[in-house]
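FYI, side chains are in, hydrogens and waters are out, and symmetry mates aren't considered; it's all heavy atoms of this structure. Everything quoted here is computed from the prediction, not taken from an experiment. So you know, we letter chains A, B, ... as the sequences are listed, proteins then strands, and number each from 1.
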There are 4 protein chains.
Amino acid sequence: MAHTIANKQKITARVRRIVGQLNGIERAIESEVSCSAVLQQVAAARGALGGLFEELLEDHLRQHVAGAHLSDADRQAGAEELLALIRRYAR
Amino acid sequence: MAHTIANKQKITARVRRIVGQLNGIERAIESEVSCSAVLQQVAAARGALGGLFEELLEDHLRQHVAGAHLSDADRQAGAEELLALIRRYAR
Amino acid sequence: MAHTIANKQKITARVRRIVGQLNGIERAIESEVSCSAVLQQVAAARGALGGLFEELLEDHLRQHVAGAHLSDADRQAGAEELLALIRRYAR
Amino acid sequence: MAHTIANKQKITARVRRIVGQLNGIERAIESEVSCSAVLQQVAAARGALGGLFEELLEDHLRQHVAGAHLSDADRQAGAEELLALIRRYAR
């Protein structure tokens, strides 16, 4: 069984807010805002994606690794997925 | 004089590609893809924003700090902006 | 029960190697190596500490979160510790 | 001309403090402190190395890229070194 996102609406709203930040960056470039201000907006959007990643990672850990009713095999699989994601993210 | 983005079209295209990645994440959540696959896509989008940040930072450094024809005052201001951006980004 | 480090000798050897890198940085500063070369050595030592952190985090996850014979309460406690460590590390 | 570290004594003292943190980690492992506490100390030492890197990077930028009396060629070389270091560090 594939584990899907727990709170679809809330997470989708968060993704859309980050799309809004990127649309703001595109407008800022278009209207020739200073490159330093554009860079700040890019750093903020990246920070927001990092926060989203961490929230999803926490959900994954709580449900698919630490969940009380998992089989041992599912728990091990969830743990290895988590480790691969952390390694991927730390690059 | 505010320093603006050097290569507007190329940078805008890059921002739009990242918007495309986020739209893909929204569809993945909607179609109940596994949370591990969604997390990988979020990590990839964050990596792409990191790459965009680094490219803009390089442009800023080359033009507004190391540029051959800057006044000393403009160069110092560009350097301090760069340091603030690096500190902001490293958090 | 406190969970202790699994492989004390191996981990200790790794810590000592990083101390060796830092001693090398001190000698490099003393012998007036270029600041760019010193910065590369500092980045390498930080990378080595990051690798050590990730290895210890993996051990913690495998033993104290995903371990087959944990009580539910211990597993939850291990998971919350892990999340706090990831948040701390990502700063 | 190679650019050397500006403030040798202060930077050396900082390196030695980080060695002290690592010696503390070795003792913590030896005395079987919990792995979560060891991980916190490793994250702290990595943070301290990151802070040292940022300070040295700022010195490099101020002296070897933004310095008022550099030749154009030296300034360009300093800028390219800086970019290589930032890329190296962001990995």
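- Closest non-hydrogen pair, Gln40(C) versus Arg88(D), comes out as O-NH2, 4.3 Å.
- Only the side chain of Val38(C) comes within contact range of chain D, with heavy atoms under 4.5 Å apart.
- Proximity to chain D (any heavy atom under 4.5 Å) is shown, for Leu39(C), by both the backbone and the side chain.
- When every heavy atom of Leu49(C) is checked against every heavy atom of Leu49(D), the shortest pair comes out as CD1-CD1, 3.6 Å.
- Only the side chain of Leu85(C) has a heavy atom closer than 4.5 Å to any heavy atom of chain D.
- Distance CG/Asn23(D) to CG/Leu22(C): 10.0 Å, rounded to 0.5 Å.
- Here CD1 of Ile29(C) is found 7.0 Å from CG of Leu56(D). Values are rounded to the nearest 0.5 Å.
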Going by atom type alone, with no hydrogens or angles, which donor-acceptor pairs under 3.5 Å involve a side-chain atom of residues 5-12 of chain C and a protein atom two or more places apart or on another chain?
unit_1	atom_1	unit_2	atom_2	d
Lys8(C)	NZ	Glu30(D)	O	3.3
Lys8(C)	NZ	Glu32(D)	OE2	3.1
Lys10(C)	NZ	Glu55(C)	OE2	2.9
Thr12(C)	OG1	Lys8(C)	O	2.7

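- Looking at Ala37(C), there are no atoms closer than 4.5 Å to chain D (heavy atoms on both sides), in backbone or side chain.
- Chosen from Ala43(C), Ala28(C), Ala45(C), the residue pairing most often with chain D at heavy-atom distances under 4.5 Å is Ala43(C).
- The minimum heavy-atom distance between His64(D) and Cys35(C), with the atom names listed, is CD2-SG, 3.5 Å.
- Applying a 4.5 Å heavy-atom cutoff, none of the residues of residues 68-76 of chain D approach chain C.
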